[in-house]
Undergrad: 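Have a look at this one before I ask anything.
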Amino acid sequence: MRVTLPDGAVRVFPKGVTFEAIAEAFDPAVARQAIAALVDGVERDIYLPLHADARVAFITPDSPQALEIYRHTTSHLLAHAVKDLFPEVKIGVGPATEEGFFYDFEREAPFTAEDLERIEARMREIKARDFPIRRIEQPKAEALEYFNTLGDNLKVELVADKGGEVVSCYRQDRFMDFCTGPHLPSTGRIGAFKLLSVAGAYWKGSEQNQQLQRIYGTAFPREDQLAQHLKLLEEAKKRDHRKLGPALDLFSIEETAGPGLIFWHPNGTVVRQILEDFWKEEHRRRGYQLVTTPHIARDELWRLSGHLDYYKDNMYTFAIEEAGYVIKPMNCPGHSLIYKSRLRSYRELPIRYAELGTVYRNERSGVLHGMMRVRGFTQDDAHIYCTREQILDEILGVLDLVIAFLRAFGYERYEVDLSVRDPAHPGRYAGDASGWEMAEGALTRALEARSLRFTRREGEAVFYGPKIDVRMFDAIGRPWQGPTVQFDFNLPRRLGIHYIAADSSATPVVMVHRAIYGSLERFMGALVEHYAGAFPLWLAPVQAVAMSITDRTREHARRIRDAMREAGLRCDLDDRNEKIGAKIRDAQIMKVPFMLIAGDREAQAGTVAVRSRKEGDLGPMPVEAIRDRMVTMQRERVLGP
RNA sequence: GCUGGCGUAGCUCAGCGGGUAGAGCAGCUGAUUUGUAAUCAGCGGGUCGGGGGUUCAAAUCCCUUCGCCAGCUCCA
């Protein structure tokens, strides 16, 4: 039997040799490390035998596939411990996730924090016992009987749903779980882990089913990796916009007014208006026309657009003189009415309508989250109405705009998804196939033309059209929902949006929705977390604070403040009867980019001692020097210190 | 909406086998006139999220409601 090893060498082994033995023959150091084998690209348990020629490689704790195996095996350890401590508990599913792992359990009483501690302690005991973990392939009927005997009805359901006659299970000591594997070869090989929380989760992910208790945890091959992960969670907590927002006096949510509604304070409004101004400027430059549409409209409009049928539960409706009205949850029907207010010639196209439109949606109470998920928000919405021939150029224009914005805010890393039709169910979609083909082709070619790598997601398109979604990664590597570009083959048809073509026929227009910020609220929240509240100068609500050291230098400090304001900078004055250290501390806590300190020496010389929040004391300099530096930083939207 | 947890001063938190509420920071007043992350002293501040109940007595026990947090489901 010929085995091709990772270094390309071919060696002959007897049939039935285990991967462990192959590893040993390849490199004893690798053999000690190996946790699983890759056989012709398929992951297999390290102790299993090989029966035919194959390419064999080894997964070690540093391999990209390792993390999932560690986590998945730790989830089995969790279930094992829970079964030990609470034999009456029924086990559900327990996969590895991006962040760690979880396992779902059915149990009358809720798991308490103390239960989690006990379970974790038991997990450590089982790990210490170093039980071998072995794959068992058995007839489906036998596995069914096994889980039936235990009363594990959830597992029975899972096994029964599984196709084929033979199923695989994994056993460690007296605990056995239905699983495809692979797993670590023994419980002692499990690395560092920690249980984190317990939450409800619907069986098989359906709201119709019963709710189980899901225990979350995370696991890594080594302790230092776990420690680093926990540190990242701490860091994320410090950046939480729900903490920083009120602390920096940017916004608040008022219980008296209701959940999911944002009150933008003066500091937050400064940032918001910069976002708005920047946005308007960039859009006008690129041939967008700004429009304004009403906040309420007859439900007739929403019936025509189809939204009322589909999203009734999420729309706020009311009556005026017995006529039904809707508070707008979207801007597109309004923009389309402007388009339709008169006949449009092909000569006018493309038409690009843009609006910072405030909409209200009745989000279910459980989904509300700071500024990220709210009931009232302002979309940076624009709709492009064009001909089929113009599609590619329009998409290119949108992508250029998207890239410019990501760069301006310092989102260096992003991922792009292209969502297209599910080829298996062509009937599910609005519009004709040729339109979809053209749209999908244009999106693909535009992405390629701008050298944007993207993931094509079959069947992920919404029913009305294909789309591009951008995920942007913040300063500590977390993903955020970013810009989106969506074709719409539904609304033009429903609302009858046409243009008069060169042959004077009424031709359906191609409509594209697109948003860069998404919502000002969500984007603001993401920015706060991205910068940890320390906005770059061009966005900072307060760019500098002029500080007097004693009452003697109040006037000089005031003159410095005025000089900054004169130059269009946002500068406050701190002439309180406090020591300079206290003033600096307060400004530092408010994350003000520059502190402009006025003492006797500076008053004498007509200078200012500058301190940067990031770089510390920069020493004395002429007032004009720091003023000009800040003006330049503002104009060029510098992101650094 | 669902499961679980949590609501005490503006903020962070203590008090909770029932006996009528406390600290630090912030705020206010005064003293101090200060050189790169907290000057000192004094003072004021709370329907213990709201409502109902049990009790001689409730921040503490029970019910209910509102809000927040984690997750699930949802997100045009």
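By convention in this document, chain letters (A, B, ...) are assigned in the order of the sequence lines, proteins followed by strands, and residues within each chain are numbered from 1. Reckoned from all heavy atoms, side chains included, excluding hydrogens, waters and symmetry mates. What you are looking at is a predicted structure, and each value in this text was computed from that prediction instead of being measured.
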Undergrad: Check the orientation of Phe489(A) and Trp436(A). Use parallel for under 30°, tilted for 30 to 60°, and perpendicular for over 60°.
TA: tilted
Undergrad: Quick one: what's the B/S/- string for nucleotides 71-76 of chain B, heavy-atom cutoff under 4.0 Å, read 5' to 3'?
TA: BBBBBB
Undergrad: For Glu68(A), does the CD atom have more than 12 heavy-atom neighbours from other residues, nucleotides or ligands under 6.0 Å away?
TA: no
Undergrad: Return the polar atom pairs (N/O with N/O) between nucleotides 44-47 of chain B and the protein under 3.5 Å, or none.
TA:
none

Undergrad: Starting from C1' on G5(B), measure out to CD1 on Ile215(A) and report it in whole angstrom.
TA: 14 Å
Undergrad: Sticking with atom C1', work out how far A59(B) lies from U8(B), rounded to a whole angstrom.
TA: 7 Å
Undergrad: Say we look at G22(B) and G15(B): how far apart would their C1' atoms be, to the nearest angstrom?
TA: 7 Å
Undergrad: Which part of the nucleic acid, if any, lies within reach of Asp600(A) when heavy atoms closer than 4.0 Å are counted: base, sugar-phosphate only, or nothing?
TA: base
Undergrad: Taking the same atom, C1', in A26(B) and in G10(B), what whole-Å distance lies between them?
TA: 7 Å
Undergrad: Short of 4.0 Å, heavy atom to strand atom, which residues of residues 604-622 of chain A count as contacting RNA chain B?
TA: Ala609(A), Arg611(A), Asp617(A)
Undergrad: Roughly how many Å apart are U20(B) and U60(B), using the P atom of each and rounding to a whole number?
TA: 14 Å
Undergrad: Determine, step by step, whether Val512(A) and Glu394(A) satisfy the side-chain contact (heavy atoms from CB on, under 4.5 Å) criterion, reporting the C-alpha distance in whole Å, the side-chain angles of both residues, the deciding distance to 0.1 Å, and the verdict.
TA: CA-CA 9 Å; Val512(A) 178; Glu394(A) 288 307 305; 5.8 Å; no
Undergrad: What do you reckon, is CD of Glu254(A) surrounded by more than 12 foreign heavy atoms closer than 6.0 Å?
TA: yes
Undergrad: Hey, would you say the Tyr385(A) and Tyr339(A) ring centroids sit under 6.0 Å apart?
TA: yes
Undergrad: Can you tell me the base-pairing partner of C72(B)? Count Watson-Crick or G-U wobble geometry only, both distances below 3.5 Å, and say none if there is no partner.
TA: G1(B)
Undergrad: For Gln486(A) and His513(A), run side-chain hydrogen bond (donor to acceptor under 3.5 Å, both in side chains): C-alpha distance rounded to whole Å, both residues' side-chain angles, the deciding distance at 0.1 Å, then the answer.
TA: CA-CA 5 Å; Gln486(A) 315 192 345; His513(A) 308 253; 5.6 Å; no
Undergrad: Within the structure provided, determine whether Arg559(A) and His556(A) are in side-chain contact (heavy-atom separation under 4.5 Å).
TA: yes
Undergrad: Classify the ring geometry of His76(A) against Tyr103(A): parallel below 30°, tilted from 30° to 60°, perpendicular beyond 60°.
TA: perpendicular
Undergrad: Find the distance between CZ (Arg122(A)) and NZ (Lys83(A)) and round it off to the nearest 0.5 Å.
TA: 14.5 Å
Undergrad: Between Ser336(A) and Met511(A), does a side-chain contact (heavy atoms from CB on, under 4.5 Å) hold up when you go through it step by step?
TA: CA-CA 9 Å; Ser336(A) 298; Met511(A) 181 174 177; 3.7 Å; yes
Undergrad: Establish, for the pair Arg71(A) and Phe220(A), whether the NZ or CZ atom is under 6.0 angstrom from the six-membered ring centre and no further than 45 degrees off its axis.
TA: yes
Undergrad: Taking the C1' atom of each, how far is C25(B) from G44(B), in whole Å?
TA: 16 Å
Undergrad: Pick the closest RNA chain B nucleotide for Asp586(A) and for Leu368(A) by heavy atoms, then say which residue is nearer the 5' end.
TA: Asp586(A)
Undergrad: Looking only at atom C1', what distance separates U73(B) and G4(B), rounded to whole Å?
TA: 16 Å
Undergrad: Would you jot down, in residue-number order, the residues of residues 93-118 of chain A having a non-hydrogen atom under 4.0 Å from RNA chain B?
TA: Pro110(A)
Undergrad: Using the P atom in both, what is the distance from U3(B) to C63(B), to the nearest Å?
TA: 15 Å
Undergrad: Can you check whether Phe111(A) and Phe86(A) have ring centres sitting under 6.0 Å from each other?
TA: yes
Undergrad: Touch check for Ile549(A), heavy atoms < 4.0 angstrom, all strands: base, sugar-phosphate only, or nothing?
TA: base
Undergrad: When you compare C48(B) with A9(B), how far apart are their C1' atoms, in angstrom units rounded to a whole number?
TA: 10 Å
Undergrad: Both distances under 3.5 Å, Watson-Crick or G-U wobble: report the partner of U29(B), or none.
TA: A41(B)
Undergrad: How are the rings of Tyr353(A) and His335(A) set relative to one another: parallel (under 30°), tilted (30 to 60°) or perpendicular (over 60°)?
TA: perpendicular
Undergrad: Let's see if you get this right: which residues in residues 231-253 of chain A place a heavy atom under 4.0 Å from RNA chain B?
TA: Arg242(A), Lys243(A)
Undergrad: Give one of base, sugar-phosphate or nothing for Glu602(A), where a contact means two heavy atoms less than 4.0 Å apart.
TA: base
Undergrad: Answer yes if the side chains of Tyr216(A) and Glu99(A) hold a donor-acceptor pair under 3.5 Å, and no otherwise.
TA: no
Undergrad: How does protein reach along nucleotides 59-67 of chain B, written 5' to 3' as B (base within reach of a heavy atom under 4.0 Å), S (only sugar-phosphate), or - (no contact)?
TA: -------SS
Undergrad: Taking the side chain as every heavy atom from C-beta outward, state whether Leu212(A) and Arg214(A) have any atom pair closer than 4.5 Å.
TA: no
Undergrad: Could you check, using the six-membered ring where one of them is a Trp, whether Phe318(A) and Tyr316(A) have ring centers closer than 6.0 angstrom?
TA: no
